[in-house]
Every structure is written in C-alpha cells, then in structure tokens.
Protein chains: 2
Amino acid sequence: MEQKKKSALTRQKILEAAEEIFSSVGFAAARVDAIAERAGVNKQMIYAHFESKEGVYSAVLERVYSRLSEYQDTVASYEFEGAETVKRIVSDYFAFLISNPSFVRLMLWENLNGARYVQQAPAALLDGLKALLQSGIEKGLVRADLDVEQTALSLNLFCFSAFSNQYTFSKLLGKDLGARKELAKRAEHVTQMFLGYILPEK
Amino acid sequence: MEQKKKSALTRQKILEAAEEIFSSVGFAAARVDAIAERAGVNKQMIYAHFESKEGVYSAVLERVYSRLSEYQDTVASYEFEGAETVKRIVSDYFAFLISNPSFVRLMLWENLNGARYVQQAPAALLDGLKALLQSGIEKGLVRADLDVEQTALSLNLFCFSAFSNQYTFSKLLGKDLGARKELAKRAEHVTQMFLGYILPEK
DNA sequence: TCAAAAAGCAACTAATCAGTTACTTTTGTA
DNA sequence: TACAAAAGTAACTGATTAGTTGCTTTTTGA
C-alpha cells in the first residue's frame, strides 16, 4: 500500500480505538498501551501521529463533536410549522444520541473535567434551536412570552438527560432505560411535555 | 484527647478530604496521597480506617447519598395540593443540589463508571415522587392519563440536568449557569413546564 | 536498482502511585 | 506508675504508566 494511505489508516485506527477507550473509561483511566493494543498498532505510532495522550484525546473530541454538526444542519434546515416540527427535532436528536453513545459519554466526561475542550459544534446547535423557536413565535405558532434561551436549553437537556443518567436510573428502576422501547417512550414523553408548554393557548 | 474521639476525628477528616477529591477529579484520577495531605493525616491512617482506595470511595458515596434522604423525607411529608406543591418540590430539590455539589458530581462519576455503587437513597426519592403524583391523580388535581413513572423520572432529570451540564453549557452560552440568579430562572422554567403538563385541562 | 525517507517496532526509562512495614508516640487502665 | 494497646509516622516496595530511543522494514522516486 501507498505510504500516505498506510499512515492515514494507522491514524484512523488509533482515533477509533481511542474514542472507544476514552469514552468508556475517561481520560484519567485510559491507558495509552490499551489504545495501541486495541488499534492493533505499536504504541510509538500514537506518539508519531499525536503529540501526547492529551493530543489524542483532543483529536478524538474534535472528531466526535463534529458529528453533531450533521444533526445541527438538519435542525437548521427545518421551518417551524408546529407540533410536527417539535416531534421531528426531538426524535432526530434521540436518533443522533442513540447512534453516537460515545458523544454522550465524552460530553459527560468533559463536563466533569471542567469542559476543557468545548467545541463550537454544540454552540451552533443551541443557536439553531433558538432561531427555530423564534421563527415559531413570529409565525404565531409558539407562545410569544417564551424565554427562547431557557426553552432551547431545556429541549437540549431533556433529550440529553435521557441518556446521561441511564445507568443509575436503570439500576434504580430495575429496567434498561437504554432499550429502544424505553427510549421511544421517553422521547414521546419529552415531546408531549414540550408541546404542552410552547404551543399557544387554544 | 480521648483515643476513641481522636480516631473518629481522623476518620471524619479523611472522609471530608476524600469527598472533595473524589467528587472533583473522580475515582481514577484521585490520589490517595492527595487525600492524606488534604486531610492533614498520614497516608497509612487511610489504610487503617478503610481497607483500600475503593473502601474510602464507597464510604464517601454512602455518606453523600445518605444526605439525599433528608430531601426525600421532605418530599414524602408533602400532600399533593396542586401547583404550590410542585413549586416546592422543584425549589427544594434545587436547594438540595445547590448545597450538595459533590452529590451531583459523584452521581455523574458513578454513572459513567457503570453505577457500581448505587444506593437505595435515590430509589426512595423516585418512589416518593411517584406516590405524590399518584395521590394528585386520585384527588383529581393531576391529569389522570399521566405516566407516573415517566413523569417522576422527568422531574428528577430536569432538575438534575440544570446542574449536570453546567460547565459545557456555561461555556457555550458565555454565562455562569451555576450562578444563583441563573439557577432560579431555570427552576422557575422547569416548574412552569411541569405544571403546564401535569395539571388537568381547565 | 538503490539510497533516502517514511513507517513500524521492541525494549527501555523515569516518574508515579497504591499499598506495606517497622518503628515511635500517645492514651487508657490495672 | 507501668505496661499494653491503640494511634500515628516515615521510609520503602513493587507494579504500572506516559513517554523515548535506537533499530529494522517498507516504500518512493530518480
């Protein structure tokens, strides 16, 4: 194989292995040797491609955060048209979080570590939600007295929290809240709650 | 000083130092030497009082979880009487979380580590909320078609999430969401959302 | 085809850390 | 007061870990 491609492949394999390990055990407990082993790559290659353990970590974060952009673009493309729009936003976000479990975990680790490396991707998402709500207000489809920032924050947090406390609450309730059926129930509940709040009084 | 008291004091100092350190950096990054230094105690004392690093950790968790019981007892003592009850539950929970930042962080660390040591305290809290909502339904003060479990879960998660993602969202929004004023706004928002959802249609 | 450059590797190093040991000081009690 | 038990201490140990070094293999281009 060509040298450039080989090198790029190694880099890719390192990033994938690092994402799995950093997201599952966090930065402090992650072992560089474990990343190398999982990637099927010599440890030195990690230092050849990235400066340090922190270097790999921030590269992983960048990669993972960037995936949110796709969802953000979807949200930005929506026109606020009422209940249906909210349903789509929530179910799209749930879908994103379901298919990106390492995003959820890395956000949480980052948060506990004082958000050392927050990227712009999550900021854009909030802005997109705010703009959407605002356009809803202008069209008279959303209550005019709404605090747009708080509401956008809530939408984000309420969806996210269905994932972020999964383990503890699953143990407490004695059922797997990560199961598709439970998550669907949760998405529906969050959507209904939201609609009840943001739609103008009839 | 008396031997028993001296020993108990040392144990206390260790637990306090360990709580600060475990909650701020998590189990993996916490250093036993750092706990000893912060407690102003010889490292060996940690091993004299607790078996191992894990031993101290689980003792800390037990201590911290037990503080939730007080709030749980408050909730259990309430009678559902409508909007005012919801307001009190939310503001009491916010008050608890504000004055117990290490509870929030330890719950999050635990969650990321697969909830190794979940205790009964959080379970009792959920049960209390469910019972309260149920009694509201029976009195006709709460919508009868409510999914009590989902709603209790939401109440819990929505309050908790105001704290759990503070760092990342503070950075994104460029303001300190941990400030009292911001938290008060958030509590009010959550309360209003909740009321809109659970109260029966007029 | 062949040398230079890039990629890959195994073995090493210095630092860090959980846990231990062997010892001294303090305290309670007979 | 004397002595045994408990509390406290400092220095050590073995294992682990991030990061390095010096070497071999593979690939590229003239």
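Since the model is a prediction, treat every value here as computed from it, not as a measurement. Chain letters run A, B, ... following the sequence lines, proteins first, then strands; residues in each count from 1. Just the heavy atoms: all of them, side chains too, but no hydrogens, waters or symmetry mates, feed the values below.
- When the C1' atom of C:dA5 is taken as reference, atom NZ of A:Lys4 falls 14 Å away, rounded to whole Å.
- Screening residues 151-162 of chain A for salt bridge (Lys or Arg N to Asp or Glu O under 4.0 Å), with sequence neighbours left out, gives no hits.
- When rounded to the nearest whole Å, the span between OH of A:Tyr57 and C1' of D:dA18 equals 17 Å.
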May I have the list of side-chain donor-acceptor pairs in residues 34-41 of chain B shorter than 3.5 Å, sequence neighbours left out?
unit_1  : atom_1 : unit_2  : atom_2 : d
B:Arg38 : NE     : B:Glu20 : OE1    : 3.2
B:Arg38 : NH2    : B:Glu20 : OE1    : 2.9

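- For residues 89-105 of chain B, no residue pair satisfies the salt bridge (Lys or Arg N to Asp or Glu O under 4.0 Å) rule, not counting sequence neighbours.
- Only B:Ala30, B:Arg31, B:Val32, B:Asp33, B:Lys43, B:Gln44, B:Tyr47, B:Ser52, listed by number, bring a heavy atom of residues 23-52 of chain B to less than 4.0 angstrom from any atom of DNA chain C.
- At D:dG8, one or more side-chain N or O atoms of B:Thr10 fall inside 4.0 Å of OP1 or OP2 (strictly under the cut-off).
- Residues forming a salt bridge (charged side-chain N to carboxylate O under 4.0 Å, His left out) with A:Arg67 (at least two apart in sequence, or on another chain): A:Glu19.
- If you check C:dG8, D:dG8, D:dA7 against the side chain of A:Lys6, the one that comes closest is C:dG8.
- Applying the side-chain hydrogen bond (donor to acceptor under 3.5 Å, both in side chains) test to B:Ser154 and every residue at least two apart in sequence or in another chain returns A:Arg186, A:His189.
- Within 6.0 Å of OH in A:Tyr57 there are more than 12 heavy atoms belonging to other residues, nucleotides or ligands.
- Computed from coordinates, the A:Lys53 NZ to D:dT16 C1' distance equals 12 Å when rounded to whole Å.
- In this view, B:Asp33 and B:Lys43 satisfy the salt bridge (charged side-chain N to carboxylate O under 4.0 Å, His left out) rule, not counting sequence neighbours.
- Within residues 12-22 of chain B, no residue has any heavy atom under 4.0 Å from DNA chain C.
- Identified under the salt bridge (Lys or Arg N to Asp or Glu O under 4.0 Å) test for residues 137-161 of chain A, with sequence neighbours left out: A:Glu79-A:Lys139, A:Lys130-A:Glu149, A:Arg143-A:Asp145, A:Glu149-B:Lys175.
- Regarding A:Gln3, its CD atom lies at a distance of 9 Å from the P atom of C:dG8, rounded to whole Å.
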